[in-house]
Participant: 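Before I ask anything, let me first share the structure, which is written out below as structure tokens.
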Amino acid sequence: MTNLVQICKDVERRVALVDEPRLRCLAGVPSVYELAQRCISAGLGLREQAARLATGESLDYDAVYSGASAWRLLTPIDVPGEPSRLIVSGTGLTHLGSARDRDAMHASGEEETAGETEDASMTDSMRIFKWGLKGGRPAPQEIGTAPEWFYKGNGTVLRAPFEPLTVPAFGEDGGEEAEIAGVYIIGPDGTPWRAGMATGNEFSDHQFEKQNYLYLAGSKLRACSIGPELAAGTDFVSVTGRVSIQRGAQTVWSKEIATGETNMCHSLANLEHHHFKYPGHRRPGDVHVHYYGAHSLSYGDGVVLEEGDVMEVCFEGFGRALRNPIHMECKQDHRLVSVRSLA
């Protein structure tokens with residue numbers, strides 16, 4: 001497995017190969033985006049190229065990670081100068097343990113009216129979860145059941161490790177969603193290439209979504225984070241990890257989590273097909289960051305995040321932990337947005 005980070009110092013950027021406890025900078029490569037494009041054009045593997053180019057400066061990873069270095073961590077993928085070329089999206093209800101919190105969130109008296117069908121008492125969330133159990137793992141070269149899909153924004157919503165994830169003034173709350181995210185680059189002929197995967201915090205407004213499940217789309221339009229490392233060629237069969245919420249020196253909540261295909265009702269190939277089947281998602285040169293779904297949420301255990309809480313996500317084999325504080329905008333700063341007529 002090859003793990004890469006992106007770092008910057010003022011306007012200078014580098015890509016570095018993780019060689020604990022050091023970072024080995026890649027010669028002549030300012031971004032993972034450029035490295036991946038070179039590999040696609042030349043028909044070369046990302047891991048092989050990274051190893052071959054890792055001849056630059058060697059840096060102390062501890063100093064960079066702790067903020068003691070002049071170099072700081074960026075997201076492990078971006079499109080320099082063109083954030084609109086990056087699409088952030090995700091799929092939900094993909095994990096075998098993911099339906100409990102969502103089903104409880106969406107249950108209502110209206111949805112529990114019996115008598116129409118044997119599934120009349122199910123919420124829509126539980127229904128689509130069961131569809132995934134039945135048809136989310138098709139045979140090779142076959143197409144399975146479509147998962148839930150949502151859009152989060154373009155590259156402007158991605159935050160680097162240690163940057164705050166903000167609950168906007170109009171938001172109801174904010175809560176972590178500890179996941180693995182796939183990183184994809186579209187080749188010149190429209191072929192999607194998976195560059196690797198990264199630890200992610202998808203971060204959503206669960207209180208807003210709970211009001212009505214049709215608010216799901218709006219609840220996802222929030223900042224999110226991935227990193228610090230891009231894991232290229234990683235095994236996604238079974239991945240274990242831990243997510244925690246830290247308040248000052250105290251850990252107020254933590255849970256062991258599991259992802260990977262053995263812990264999911266959808267195969268990776270099925271998730272990827274249903275994302276890239278849309279022609280608009282195969283535009284040459286675009287980058288996609290796609291969250292594969294969460295196992296457990298602190299919101300489901302009744303935890304309410306507060307200003308300054310630190311969300312930490314760590315998965316075995318995916319490098320150092322992703323840490324982001326939460327920031328609450330002042331409710332009084334919520335102002336009406338007025339549209340002016342150009343007529």
Side-chain angles (χ1 to χ4, degrees), residues 88-108 123-126 128-129 132 147-150 152 157 159 164-168 171-181 198-226 239-247 250-260 263-266 271 290-315 318 321-328:
V88 186
S89 58
T91 41
L93 297 169
T94 54
H95 284 64
L96 298 176
S98 65
R100 176 184 61 88
D101 292 343
R102 183 76 74 80
D103 190 51
M105 195 186 305
H106 291 170
S108 69
T123 63
D124 282 342
S125 293
M126 185 57 72
I128 200 170
F129 175 72
E148 176 193 52
W149 184 95
F150 55 84
K152 286 195 68 67
V157 305
R159 300 290 179 268
L165 297 182
T166 298
V167 177
E172 300 293 333
D173 82 339
E176 91 300 328
E177 294 204 16
E179 311 182 25
I180 297 293
T199 299
N201 183 349
E202 193 246 299
F203 199 66
S204 299
D205 190 333
H206 302 112
Q207 190 64 31
F208 182 53
E209 179 191 348
K210 185 177 181 179
Q211 295 177 24
N212 189 298
Y213 80 98
L214 294 177
Y215 281 156
L216 172 70
S219 76
K220 295 296 187 180
L221 297 176
R222 301 291 186 272
C224 54
S225 185
I226 59 170
V239 182
T240 58
R242 171 170 286 275
V243 55
S244 63
I245 306 298
Q246 298 168 9
R247 187 168 295 158
Q250 181 183 9
T251 299
V252 297
W253 179 85
S254 68
K255 184 165 284 190
E256 300 290 334
I257 50 178
T259 187
N263 299 293
M264 299 168 69
C265 56
H266 286 268
L271 297 182
H290 189 76
Y291 289 91
Y292 296 142
H295 176 280
S296 298
L297 316 175
S298 64
Y299 181 84
D301 289 337
V303 178
V304 178
L305 272 60
E306 299 179 358
E307 172 75 25
D309 285 354
V310 175
M311 301 163 284
E312 179 175 290
V313 185
C314 186
F315 286 105
F318 284 77
L322 173 63
R323 293 172 57 86
N324 298 93
I326 188 170
H327 171 60
M328 309 279 192

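The figures that follow rest on heavy atoms only: side chains count, while hydrogens, waters and symmetry mates do not. This structure is a prediction, so every number in the text was calculated from the model and none was measured.
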Participant: Taking it one step at a time, do Glu148 and Ile128 satisfy side-chain contact (heavy atoms from CB on, under 4.5 Å)?
Facilitator: CA-CA 8 Å; Glu148 176 193 52; Ile128 200 170; 4.2 Å; yes
Participant: Begin from the C-alpha positions of Val243 and Ser296 and carry the test side-chain contact (heavy atoms from CB on, under 4.5 Å) through to its verdict.
Facilitator: CA-CA 9 Å; Val243 55; Ser296 298; 5.7 Å; no
Participant: Regarding His95 and Thr259, is there a side-chain donor-to-acceptor distance under 3.5 Å anywhere?
Facilitator: yes
Participant: Backbone N or O of Gly200 within a donor-acceptor pair of the Glu179 side chain at under 3.5 Å?
Facilitator: no
Participant: If I compare all heavy atoms of Val88 with all of Tyr291, which pair ends up nearest, and what's the gap?
Facilitator: CG1-CE1, 3.8 Å
Participant: Using 0.5 Å steps for rounding, measure from the CG atom of Leu165 to the CD1 atom of Ile326.
Facilitator: 7.5 Å
Participant: Show the nearest heavy-atom pair for residues Gly175 and Leu305, with the distance to one decimal.
Facilitator: CA-CD2, 4.3 Å
Participant: For the atom pair CG (Asp309) and CH2 (Trp253), what is the distance rounded to the nearest 0.5 Å?
Facilitator: 12.5 Å
Participant: Who are the salt bridge (charged side-chain N to carboxylate O under 4.0 Å, His left out) partners of Arg242, not counting sequence neighbours?
Facilitator: Glu256
Participant: State which residues pass salt bridge (charged side-chain N to carboxylate O under 4.0 Å, His left out) with Glu306; sequence neighbours excluded, sorted by chain then number.
Facilitator: Arg247
Participant: Is a side-chain donor or acceptor of Asp173 paired with a backbone partner of Gln207 at a separation under 3.5 angstrom?
Facilitator: yes
Participant: Does the side chain of Tyr299 come within less than 4.5 Å of Val304's, by heavy atoms?
Facilitator: no
Participant: Would you please test Leu271 and Met264 for side-chain contact (heavy atoms from CB on, under 4.5 Å) and show each step?
Facilitator: CA-CA 11 Å; Leu271 297 182; Met264 299 168 69; 3.6 Å; yes
Participant: Are any of the side-chain nitrogens in Asp301 or Lys255 under 4.0 Å away from the carboxylate oxygens of its partner?
Facilitator: yes
Participant: For Arg159, does its backbone N or O pair with a side-chain atom of Ser225 as donor and acceptor, under 3.5 Å?
Facilitator: yes
Participant: Measuring from atom NE2 of His290 to atom CD1 of Ile180, what distance do you get when rounded to the nearest 0.5 angstrom?
Facilitator: 13.5 Å
Participant: Looking at Thr94 and Tyr292, would you say the former's side chain and the latter's main chain have a donor-acceptor pair under 3.5 Å?
Facilitator: yes
Participant: Could you check Tyr215 against Asp205 for side-chain contact (heavy atoms from CB on, under 4.5 Å), going step by step and ending with a plain yes or no?
Facilitator: CA-CA 10 Å; Tyr215 281 156; Asp205 190 333; over 6 Å; no
Participant: Measuring only between side-chain heavy atoms, which start at C-beta, is Cys224 closer than 4.5 Å to Val157?
Facilitator: yes
Participant: For the atom pair CZ (Arg323) and OG1 (Thr199), what is the distance rounded to the nearest 0.5 Å?
Facilitator: 13.5 Å
Participant: Under the criterion side-chain hydrogen bond (donor to acceptor under 3.5 Å, both in side chains), which of Glu172, Glu176, Glu177 is the partner of His206?
Facilitator: Glu177
Participant: Nearest 0.5 Å, what's the CG-OG distance between Asn212 and Ser219?
Facilitator: 11.0 Å
Participant: May I ask you to say whether Lys220 pairs ionically with Glu202, meaning some side-chain N is under 4.0 Å from a carboxylate O?
Facilitator: yes
Participant: Is Ser89 close to Phe150 at the side-chain level, that is, under 4.5 Å between some pair of heavy atoms?
Facilitator: no
Participant: Apply side chain to side chain contact (heavy atoms under 4.5 Å, CB included) to Thr166 and list each qualifying residue two or more places apart in sequence or on a separate chain.
Facilitator: His327, Glu329
Participant: Rounded to the nearest 0.5 Å, what separation is found between the OG atom of Ser125 and the CG atom of Leu93?
Facilitator: 5.5 Å
